[in-house]
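Structure first, then comments.
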Protein chains: 2
Amino acid sequence: MSVQLACASCGRVLEPADRGRPRLYCSRACQARAYRARRAETPARVPESDDGARHLTVERIVRAGIVVADAEGLDALSMRRVAMELGTGTMSLYRHVASKDDLVTLMVEAAMADVPLPDSPPRNWRHGLERAAYRDWELYHRHPWILPRVMVTTRAYFSPALAADSESAFSSFDGLDLEPADAFRYMFMFASYVQGVALILVSDAEAERQSKIAAKQGAKASGHAQDPLYEPGAYPRLARAMRAGADPWDLDALFASGLAGVLDGIAADLTRRGIDA
Amino acid sequence: MSVQLACASCGRVLEPADRGRPRLYCSRACQARAYRARRAETPARVPESDDGARHLTVERIVRAGIVVADAEGLDALSMRRVAMELGTGTMSLYRHVASKDDLVTLMVEAAMADVPLPDSPPRNWRHGLERAAYRDWELYHRHPWILPRVMVTTRAYFSPALAADSESAFSSFDGLDLEPADAFRYMFMFASYVQGVALILVSDAEAERQSKIAAKQGAKASGHAQDPLYEPGAYPRLARAMRAGADPWDLDALFASGLAGVLDGIAADLTRRGIDA
DNA sequence: GCGTCGTTGCGTACAAAGTACGCATCCGGG
DNA sequence: CCCGGATGCGTACTTTGTACGCAACGACGC
């Protein structure tokens, strides 16, 4: 008796091909389904060859996504929007990225390469951490949308670029006679502070896009009239600080001042342990 | 000549009522539209009276929203989901909250009242800030979803509950002979650190819900086999810290240690300025 | 009691967004 | 010339927020 061949995808009985090789699928659709299933379990990217233009590539898609996110925020990033940017159909993107989530992950990795890591060893641990802090600060200035995807040192291994960033900052302690676990605690405090400030930076950027605080500078210049923070009634301490000249909008200055404080805290702990910087 | 009356909403010509008072609207729909417009420019809430059950109230809606967000995260919070929770129609909610955004804002305000502010003055500034930090920490443990809506001290006036929180922490410096602007810088550093750690806490909670790191404890117990962080190759410093006993998953301990460092940094600055704590 | 308005509940409907599915097409090899 | 690998993309379904308008209930003046 002859063996009954079945479609490799849907399993239905399959009559042999008229001539040539034996058939594998009962229809073009079944072939496509099998191809998709194979792709799904092999997340290997398309090899990125080709002319670099006109043809769709992961790289081109990611770049277009970054352009949209930089200009209009992560909320405005939709697959249709990216496709429009590239002049292709929406679903074409899915041949190169597995999902929108996948796309954003790729975008973060690409965006983090925009600000290079330092390639020389730091003069001392303080210099190393300052350098690392300003590298991240610059990064969040350029691409505020990466923050929600970024985790701190302790979760860095979800992303190669992030882990490299952490490792680079970590190397600031290299020369010191310091317990690795202590160094890790310092890293944790340091990274948490930087990310905390970044959260404000990003919130401001988002709010400004929606012009919720459009008159922020204007209000300050015009004697900050209606701002409840400046009214001594409800929040006297905050109001007093505002009137004493504290500028909550000068994030760069605040970032620098807080960073100095955090590093002072590390220095105090080092001194307490008898380690000389 | 008699005055032609017009519908107050659509403006169409309006024949006078058969008897009784003169009509205002040409139809029930026009009346409803006018009512909606009036409500839109008067964001006053419904007075919250009534029996407290069965009848729809802002309070009940907000409570239901908090239950959903606590259990399933902010992503799972949809108007339909809240309505289902309350056994009402989706659109009924919009009689009480202006939008989903409005609902979430109300939810944050309500959730922040869950952990009470301290009512006694702190023993000293360090004690005051520690108390404030653990208050927030507890808050983020209970309601991780509030973080994206929370801004730091500097932006606190967007929310009464947040401003009260900041003001309470700010009062830690009350006795000291300290420039208000300096105190504000300390507050900024302090609050940024707390929020930075909260970001990790929230990320972990979210990831755990999606069981992306379901085996996190298991991996550690089983000799942390496949975790790239533990491989000395790519990230030697991080790997060394892990093997030296640093536990990146013990957030409570890390939070406490980093907080001590931040407060040390403030103490160092106070000493430098000749202010005795 | 009847008509009108203020107010509330809610069904219908529409506009975005992610994406599963399958067709059409081009390419390379037998 | 046929088949499978690979790519582009139109169609369609789902899930979301929410605009709109109808129906109903209670209060109040006639």
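Residue numbers start from 1 in every chain, and the chains themselves are labelled A, B, ... in the order their sequence lines are given, proteins ahead of strands. What you are looking at is a predicted structure, and each value in this text was computed from that prediction instead of being measured.
- Contact of the Thr57(A) side chain with the His96(A) side chain is not registered, since no non-hydrogen atoms from C-beta on lie closer than 4.5 Å.
- Comparing Leu93(A) and Cys30(B) by the nucleotide of DNA chain D that holds the closest heavy atom to each, the one mapping nearer the 5' end is Leu93(A).
- The phosphate of dG8(D) has OP1 or OP2 within less than 4.0 Å of a side-chain N or O from His96(A).
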Sugar-phosphate means primed atoms, P, OP1 and OP2; the rest is base. With that split, encode nucleotides 16-26 of chain C 5' to 3' as B, S or - using protein heavy atoms under 4.0 Å. -BBBBBBB-BB

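- Taking the charged nitrogens against the carboxylate oxygens, Asp70(A) and Arg142(A) have no contact shorter than 4.0 Å, which rules out a salt bridge.
- OP1 or OP2 of dC9(D) lies within a sub-4.0 Å distance of a side-chain N or O belonging to Ser92(A).
- Contact check on Arg149(A) versus Asp101(A) returns a salt bridge, with a Lys/Arg side-chain nitrogen under 4.0 Å from an Asp/Glu carboxylate oxygen.
- Taking atom CE on Met84(A) and atom C1' on dC9(D), their separation rounds to 15 Å, with Å as the unit.
- The aromatic rings of Tyr193(B) and Phe188(A) lie perpendicular to each other, with more than 60° between the two planes, well past the 30° mark.
- Glu206(B) places none of its side-chain heavy atoms less than 4.5 Å from the side chain of Trp145(B).
- The closest side-chain donor-acceptor pair between Trp137(B) and Asp252(B) falls under 3.5 angstrom.
- Within the structure, every side-chain polar atom (N or O) of Thr88(B) is placed at least 4.0 Å from both OP1 and OP2 of dG9(C).
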